[in-house]
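Hydrogens, waters and symmetry mates are skipped; everything else that's a heavy atom, side chains included, is used. All values derive from a computational prediction rather than experimental measurement.
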Amino acid sequence: MKEVECKIDSLDLKILSIISKDARVPFRNVAELCGVSRAAIHMRVQHMIDMGVIVGSGYDIDMKRLGFSTFTYVGVVFEKGSMYPDIVKQLEEIPEVLECCYITGPYSALIKMYARDNEQLMELLLGKIQKIPGVVSTETMIVLDKSIKRNLPL
């Protein structure tokens, strides 16, 4: 699928800069900061959603506070790269897998996942991920600290 260039102007970029820092900021505050009406902000945001510039919405959840103390990235090697769609379907069935990216380099894919502890992590790796047909091997990197999380500056 070919990417389509989206036409956005400096006001759109200013709006994106504000709402990317806090998705719960009221449109009236965004309007004041941008010097336009709330209706204009609403219309611009809806247009960017329709264009696919803004995708999804939600809250950042502190998974440690919910009992998931082990945060990992897992490099996965496939038997063949063409197996990616089938393997992804299997990974989607594992709730602890939050993201999966098809990548270049020593791994076929990189997945981001949480586990309650190292014991559950081992169960997920041995009992689920490594049993998926086409998965040759995994390499697990446990995250000790997440220092930076941000969007690109606009």
Peer 1: Does either side chain, that of S10 or that of K14, offer a donor lying less than 3.5 Å from an acceptor on the other one?
Peer 2: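 K14 and S10 do not have a side-chain donor-acceptor pair below 3.5 Å.
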
Peer 1: Please list, chain by chain and in numerical order, all residues satisfying side chain to side chain contact (heavy atoms under 4.5 Å, CB included) with S137, sequence neighbours excluded.
Peer 2: V77

Peer 1: Under the salt bridge (charged side-chain N to carboxylate O under 4.0 Å, His left out) definition, can you give me all pairs with a residue in residues 84-107, not counting sequence neighbours?
Peer 2: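 For residues 84-107: E99-K112.
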
Peer 1: If hydrophobic clusters are built from ILVMFWY residues whose side chains come within less than 4.5 Å, do F68 and L124 share one?
Peer 2: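 Shared cluster, no.
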
Peer 1: In residues 38-52, what donor-acceptor pairs under 3.5 Å come from side-chain atoms, sequence neighbours left out?
Peer 2:
residue: R44; atom: NH1; partner: D9; partner atom: OD1; Å: 2.7
residue: R44; atom: NH1; partner: D9; partner atom: OD2; Å: 2.9
residue: R44; atom: NH1; partner: D12; partner atom: OD1; Å: 3.0
residue: R44; atom: NH2; partner: D9; partner atom: OD2; Å: 3.4
residue: Q46; atom: NE2; partner: D50; partner atom: OD1; Å: 2.9

Peer 1: Not counting sequence neighbours, which residues clear side-chain hydrogen bond (donor to acceptor under 3.5 Å, both in side chains) with Q130? List them please.
Peer 2: T138

Peer 1: For D62, which residues count as a side chain to side chain contact (heavy atoms under 4.5 Å, CB included) partner, sequence neighbours excluded?
Peer 2: K64, R65

Peer 1: With a 4.5 Å cut-off on side-chain heavy-atom distances among I, L, V, M, F, W and Y, is there a chain of contacts connecting V76 to I94?
Peer 2: yes

Peer 1: Are V97 and Y114 in one and the same hydrophobic cluster, where Ile, Leu, Val, Met, Phe, Trp and Tyr link if side-chain heavy atoms are under 4.5 Å apart?
Peer 2: no

Peer 1: Could you pull out all residues at least two apart from E119 that satisfy side chain to side chain contact (heavy atoms under 4.5 Å, CB included)?
Peer 2: D117, E123

Peer 1: Return each pair, listed once, that meets ring-ring contact (aromatic ring centres under 6.0 Å, His included) where at least one residue sits in residues 75-98; pairs must be two or more places apart or across chains.
Peer 2: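 Only Y84-Y102 qualify under ring-ring contact (aromatic ring centres under 6.0 Å, His included).
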
Peer 1: For S147, give me all partners under side-chain hydrogen bond (donor to acceptor under 3.5 Å, both in side chains), at least two apart in sequence or on another chain.
Peer 2: D145

Peer 1: Once side chain to side chain contact (heavy atoms under 4.5 Å, CB included) is applied, do any residues pair with L110, and if so which ones, sequence neighbours excluded?
Peer 2: Y73, I103, M141

Peer 1: For K131, which residues count as a side-chain hydrogen bond (donor to acceptor under 3.5 Å, both in side chains) partner, sequence neighbours excluded?
Peer 2: none

Peer 1: With distance as the sole test, does S20 use its side chain to make a donor-acceptor pair with the main-chain N or O of L16 at under 3.5 Å?
Peer 2: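 Yes: the side chain of S20 pairs with the backbone of L16.
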
Peer 1: Show which side-chain atoms of residues 22-35 pair as donor or acceptor with protein atoms under 3.5 Å away, not counting sequence neighbours.
Peer 2:
residue: D22; atom: OD1; partner: R24; partner atom: N; Å: 3.0

Peer 1: Which residues pass the side-chain hydrogen bond (donor to acceptor under 3.5 Å, both in side chains) test with S108, not counting sequence neighbours?
Peer 2: none

